[in-house]
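Working notes, structure below.
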Amino acid sequence: MNPAELNQYQPVATFEKLESTHTYRMEKGSASRQFMAGIIVNLASVMVGTALGWTSPVGPKLASKITSPLDTIPTVSENSWIASLVAVGALIAPFIAGPLAERFGRKLTLLGSSAFFIVSFILLLTTGTVTQVMVARLIQGLGVGFVMTVQTMYIGEIASAEYRGALGSLMQLCIVTGILYVYSIGPYVSYGALQWACLVIPIAFAGSFFFMPETPAYYIAKGEKEKAVESLCFLRNKTVDGVQEELHEISTTVEDSLKNKGTVLDLFRNGGNVKALTICAGLIIFQQLSGINVILFYTQNIFASTGSSLAPAVSTILVGAVQVLASGATPLIVDRLGRKPILLTSAGGMCISHITMGLYFYLKYSNSPSLGSLGWLPIMSLICFVTVYCIGFGPLPWAVLGEMFPANVKSIASSIVASTCWVLGFIILQFFADLDNAVGSHWSFWIFGILCGVAFIFTFTTVMETKGLSLQEIQDRLNGKI
């Protein structure tokens, strides 16, 4: 915050007086600055999207001696590693990112994540070997893990209760925006031009997020209450006395957590934490078991295998556009409808979409004469799948993760859940080709459909609604106090 902005607030020196007298002044404030911070931090999610969508347009380029910069054409095994090494890096990263976020702050750790993407795209730009591509993809994965671990913490701590769901769901919108970015550019430019286009995003993120505030909760945890006041004033667009009530609530929550500094064992000793971990880990597990990474990494190949009259590159762009539109709807409805109803709708819709996609590939497998009239079915199935995924199981597990845990175990829980996500992501991406060859594409999609049906049951029986609850009220409900 610059001096001109600080002048609109009462001097920070009045904080102690106001704290002792509790003479809070009711102010309306504005949500514009927390949304500005939420949107800018989500440029990091656009970086993640470019990494996740990268293989779809690049795969066909690497398979051709004309368009590939490599000295050899990657084998099937090497292509699997190129796709899945992002998940390996993302699996390792949370155990580094979580402690760094606690020691150096959410902001500095997120700024550091941009370096992984910058280095990786430079390596991809200058590569001539499959090995260098694999190294770059592993480094990208570290960046992905950093962002998806720490960004949920940042959003959960800067957002007020009424906007936390909307801001938390922006992650998915921005991830699919990054995916659409590479889907739209990749098929129509050279390999090198695509890397330059991707390199722009982390540079833009670092340059803009540098000017955003650290979270008030982090400053309070470090005993820097004046900086916490300054951050909260900026985010709420209020004067010092106007933020006192919220500051008091944040201080109480953080200080209580610091008195009981969390360890991995503490995460499992407390019944509320165990329940929160079950909900968050379960949602993330079913997010990955929905088959989304297979769809994202192999969209162009899937459309090519259907023999659809629509060009695979155009079909892929269409799917990416639908992802962006669907993800854009979530911030508008999540705090009105609640997390649980949207998740249930998402799980049910994904289940139906996989069943119909599997039906198309079964008819193709059995050489059915009706196949020719069903060329629209795989496109419609994938569009329906990505729509309901991007509204529900895409953004909401991460939004729920950002609000479920007390401050003393939040980084530990975030690391465990994020790592669970990427363990499954790696396994699915590494072995999907083998599964597809063993049982056929129809059974591959049907298996994912069955798992989405199980996700519906899990959500209905286990997930707790958090709509409109403060972070303290969520903890009270998890621990059976309300």
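No experiment lies behind these values; they were computed from the predicted model shown. Quick note: numbers below take in every heavy atom, side chains included, and nothing from hydrogens, waters or symmetry partners.
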Spacing of Leu91 atom CG and Ser84 atom OG [to the nearest 0.5 Å]: 11.5 Å

Of Tyr218, Phe209, Phe146, the one forming a ring-ring contact (aromatic ring centres under 6.0 Å, His included) with Tyr154 is Phe209

Here the gap from Arg339 atom CZ to Glu465 atom CD, rounded to the nearest 0.5 Å, amounts to 6.0 Å

Mind checking the CE-CZ spacing from Met47 to Phe117? Nearest 0.5 Å is all I need. 4.5 Å

Can a cation-pi geometry be assigned to Lys107 and Phe210, taking NZ or CZ under 6.0 Å from the six-membered ring centre and within 45° of the ring axis? yes

Between the NZ atom in Lys275 and the SG atom in Cys280, the distance rounded to the nearest 0.5 Å is 12.0 Å

Measure the spacing between CG of Leu401 and CD of Gln151 and express it to the nearest 0.5 Å. 11.5 Å

Given the rule in the side-chain hydrogen bond (donor to acceptor under 3.5 Å, both in side chains) test, do Glu214 and Ser231 qualify, once you have shown the distances and angles that lead to the verdict? CA-CA 7 Å; Glu214 179 57 85; Ser231 174; over 6 Å; no

List the steps and the verdict of side-chain contact (heavy atoms from CB on, under 4.5 Å) for Val240 and Leu232. CA-CA 9 Å; Val240 172; Leu232 198 56; over 6 Å; no

Relative to each other, are the rings of Phe456 and Phe460 parallel, tilted or perpendicular (30° and 60° limits)? parallel

Can you check side-chain contact (heavy atoms from CB on, under 4.5 Å) on Trp54 and Leu124, steps first, answer last? CA-CA 11 Å; Trp54 185 86; Leu124 291 170; 3.8 Å; yes

Look only at the side chain of Thr149 and the backbone of Gly145, and say whether a donor-acceptor pair between them is shorter than 3.5 Å. yes

Rounded distance (nearest 0.5 Å) linking atom CD of Glu157 with atom CD1 of Ile220: 9.5 Å

Would you check, one step at a time, whether the test side-chain contact (heavy atoms from CB on, under 4.5 Å) holds for Phe393 with Met350? CA-CA 9 Å; Phe393 261 85; Met350 290 190 299; 3.9 Å; yes

Polar side chain donor-acceptor pair, Thr356 to Ser381, under 3.5 angstrom: yes

Tell me every residue that passes side-chain hydrogen bond (donor to acceptor under 3.5 Å, both in side chains) with Ser32, counting only those two or more places apart in sequence or in another chain. Ser30

Residues in salt bridge (charged side-chain N to carboxylate O under 4.0 Å, His left out) with Arg336, at least two apart? none

Kindly state whether the ring of Phe426 and the ring of Trp81 have centres lying under 6.0 angstrom apart. yes

Describe, in one word, how the ring planes of Tyr163 and Phe35 are oriented to each other, choosing from parallel (under 30°), tilted (30 to 60°) and perpendicular (over 60°). perpendicular

Smallest separation among heavy atoms of Ser290 and His354, with atom names: O-NE2, 2.6 Å

Anything under 30° is parallel, anything over 60° is perpendicular, the rest tilted; go ahead and classify Phe448 against Phe445. perpendicular

Distance only, no hydrogens: is a donor on one side chain within 3.5 Å (strictly under) of an acceptor on the other, for Ser160 and Glu246? no

